[in-house]
Amino acid sequence: MTYITKPRLHHPNLPTNKLGYTHRDYEGAVSTLCAGCGHDSISSAIIQACFELDLPPHRIAKLSGIGCSSKTPTYFLGKSHGFNSVHGRMPSVLTGANLANRDLLYLGISGDGDSASIGLGQFAHCIRRGVNMVYIVENNGVYGLTKGQFSATADKGSKAKRGQINTDSPIDLVALALQLGASYVARSFSGDKAQLVPLIKGAIEHKGAAFIDVISPCVAFNNHPGSTKSFDYVRAHNEAVNRLDVIPEREEITADYAPGTVETVVQHDGSVLRLRKLALDYDPCDRISALSYLQQREARGEVVTGLLFVEPDSGDIHDFLETVQPPLNALGEDELCPGPSSLAQFNAAHR
């Protein structure tokens, strides 16, 4: 169905934002993900956030790696700049693009396999350098493109469809982002649009490294007892030349619950997620308390959602490197090559 394009005609009465754009102007191609996939809900939230913030699509750059999550930039902001990099290397490509042109808004879209496994080192350095970006991980705990093996974020003790138990400890990307110095850290659930849209808007408005971990159920591989946010281990050793699957359409899972409460969300397979939304009196400016709170709630089997930490007066990589205000890609030869006398003076200052 990738050949199907959305109609370009807009109804004249569609609501517009301050720029005159409609919601459709922030959409992309027709999604080819499984019906009911949580990733599509995240795409919808990104579209809504950009529409409400009146962002010019051509001032946005979206970058991704490899995986179901990294396909999603095709499905939103079709009029924006885009680059699909190799597996786990999105952060370095984003960093280079940001250094070359600081005037664009950068959206890094990744998954738990892309960022917590092969790209873990890239994730760590991008966060610790304070790159001005919105880094979203669409976290489903499995490798969806390769039939549902446990990813590095799968909870220890989780069961696969055939009864395998995950014996590895999970990587908590939120805790890691806090330790690495991210200045905006949040976690949400793909089905809770009322919470996710404001979190994305806040991340876009924030200066510095903004990270959002979004728990996003995989409807194709979570249909087994004993899973938490992860799913069936399907045909991992299938030796057939090819095999066709029909994945039945399922209703999108949503959640609407008050701050400070715990919501039990039943998945398609009968397993549950226990989501705790931060209370209104939670202090998001204390990094150490945020880490402690995460560990306390994890011990109770709860997934904390909301804005976990924000540094109000944060800087970004251009502040730390003291780069010039004009984008580097806009500088001419005179600025980039000041001549041998300037080079000799610079070298002398470091002797």
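Because only heavy atoms are used, hydrogens play no part in the values below, and waters and symmetry mates are left out as well, while side chains stay in. Just so you know, these numbers come straight off a predicted model, no measurement behind them.
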I'd like to know if the side chain of Arg102 reaches the main chain of Leu328, judged simply by a donor and an acceptor atom lying under 3.5 Å from each other, with no hydrogens or angles considered.
no
Measuring only between side-chain heavy atoms, which start at C-beta, is Asp286 closer than 4.5 Å to Ile288?
yes
Judged by atom type as modelled, is there a donor-acceptor pair below 3.5 Å linking the side chain of Asp114 to the main-chain atoms of Gly88?
yes
Distance alone, cut at 3.5 Å: any donor-acceptor contact between the side chains of Ser188 and Gln195?
yes
Quick check on the hydrophobic clustering: are Val324 and Leu336 connected, directly or via other members, by side-chain heavy-atom contacts under 4.5 Å?
yes
Examine distances only and state if a side-chain atom of Ser110 and a backbone atom of Val137 form a donor-acceptor pair shorter than 3.5 Å.
no
Would you say the side chain of Cys126 lies within less than 4.5 Å of the side chain of Met133, judging by non-hydrogen atoms?
yes
With rounding to the nearest 0.5 angstrom, report the NZ to OG distance, Lys207 to Ser183.
10.5 Å
Any sub-3.5 Å donor-acceptor pair from Asp319's side-chain atoms to Asp316's backbone N or O?
yes
Over all heavy atoms of both residues, which pair between Leu33 and Cys68 is shortest? Give the atoms and the distance, please.
CD2-O, 4.1 Å
Rounded distance [0.5 Å steps], CD in Glu138 versus OG in Ser190:
8.5 Å
Please check if Leu321 and Val93 belong to a single hydrophobic cluster, counting links between Ile, Leu, Val, Met, Phe, Trp and Tyr side chain heavy atoms closer than 4.5 Å.
yes
Can you confirm whether the side chains of His39 and Ser69 place a donor and an acceptor under 3.5 Å from each other?
no
Which heavy-atom pair separates Cys218 from Val142 by the least distance, and what is that distance?
CB-CG2, 4.1 Å
We want to know whether Asn140 and Ser216 form a side-chain donor-acceptor pair, criterion being a heavy-atom distance below 3.5 angstrom.
no
Below 4.5 Å, heavy atoms only, C-beta onward: do Glu52 and Ile200 meet side chain to side chain?
no
Any side-chain to backbone donor/acceptor pair from Asn132 onto Gly208? Under 3.5 Å, distance only.
yes
For Ile127 and Leu176: C-alpha separation, side-chain torsions, deciding distance, then whether side-chain contact (heavy atoms from CB on, under 4.5 Å) applies.
CA-CA 9 Å; Ile127 293 294; Leu176 194 56; over 6 Å; no
When you measure from the side chain of Glu205 to the backbone N and O of Gly202, does any donor-acceptor pair fall under 3.5 Å?
no
Does any non-hydrogen side-chain atom of Ile118 lie less than 4.5 Å from one of Arg89?
yes
Could you label the plane-to-plane angle of the Tyr26 and Phe51 rings as parallel, tilted or perpendicular, counting under 30° as parallel and over 60° as perpendicular?
perpendicular
Mind listing the closest non-hydrogen atom pair of Ala116 and Ile171 along with its distance?
O-CD1, 3.5 Å
Rounded to the nearest 0.5 angstrom, the CD-CG distance for Gln48 and Leu53 is 10.0 Å
For atom CG of Asp283, is the number of surrounding heavy atoms from other residues, nucleotides or ligands below 6.0 Å larger than 12?
yes
Worked verdict on Leu19 versus Asp25 for side-chain contact (heavy atoms from CB on, under 4.5 Å):
CA-CA 11 Å; Leu19 298 178; Asp25 292 317; over 6 Å; no
Are the side chain of Lys62 and the backbone of Pro73 linked by a donor-acceptor contact shorter than 3.5 Å?
yes
Using a 4.5 Å cut-off on heavy atoms from C-beta on, say whether the side chain of Tyr75 contacts that of Ile42.
no
Heavy atoms from other residues, nucleotides or ligands near CZ of Phe320 exceed 12 (cutoff 6.0 Å):
yes
Approximate separation, where rounding is to 0.5 Å, of Asp168 CG and Asp155 CG:
12.0 Å
To the nearest 0.5 Å, tell me how far Leu104 CG sits from Arg59 CZ.
5.0 Å
Mind checking the CZ-CG spacing from Phe123 to Leu120? Nearest 0.5 Å is all I need.
7.5 Å
Student check: side-chain heavy atoms of Phe76 and Cys50 closer than 4.5 Å:
no
Keeping the roles fixed (side chain from Thr16, backbone from Thr22), state whether a donor-acceptor pair exists under 3.5 Å.
no
Nearest atoms (heavy-atom pairs only) where Gly113 meets Tyr143
CA-CE2, 3.4 Å
Single-linkage hydrophobic cluster, 4.5 Å side-chain cutoff, Met90 and Leu99 together
yes
Could you check Phe309 against Leu291 for side-chain contact (heavy atoms from CB on, under 4.5 Å), going step by step and ending with a plain yes or no?
CA-CA 9 Å; Phe309 175 77; Leu291 280 166; over 6 Å; no
Return the minimal non-hydrogen interatomic distance between Glu298 and Asp172, and the atom names on each side.
OE1-OD2, 4.3 Å
Set out, in order, the CA-CA distance, both residues' side-chain angles and the distance that settles side-chain contact (heavy atoms from CB on, under 4.5 Å) for Lys193 and Ser44, then state yes or no.
CA-CA 9 Å; Lys193 195 173 182 180; Ser44 177; 2.9 Å; yes
Correct closest heavy-atom pair for Tyr106 and Ala97 would be OH-O, 2.8 Å
So, the side chain of Arg287 versus the backbone of Ala182: is there a donor-acceptor pair under 3.5 Å, distance only?
yes
If two hydrophobic side chains count as joined below 4.5 Å and joins carry through other members, does Val304 share a cluster with Phe211?
yes
Does any non-hydrogen side-chain atom of Asp112 lie less than 4.5 Å from one of Phe150?
no
Answer with yes or no whether the hydrophobic clustering places Ile204 together with Ile109; edges join I, L, V, M, F, W, Y residues whose side-chain heavy atoms lie under 4.5 Å apart.
yes
Is there a side-chain contact between Arg187 and Leu294, using heavy atoms and a 4.5 Å cut-off?
yes
Could you check whether any side-chain N or O of Asn101 sits under 3.5 Å from a backbone N or O of Asn329, counting only pairs where one atom can act as donor and the other as acceptor?
no
Judged by modelled atom types alone, do Ser43 and Asp40 share a side-chain donor-acceptor pair under 3.5 Å?
no
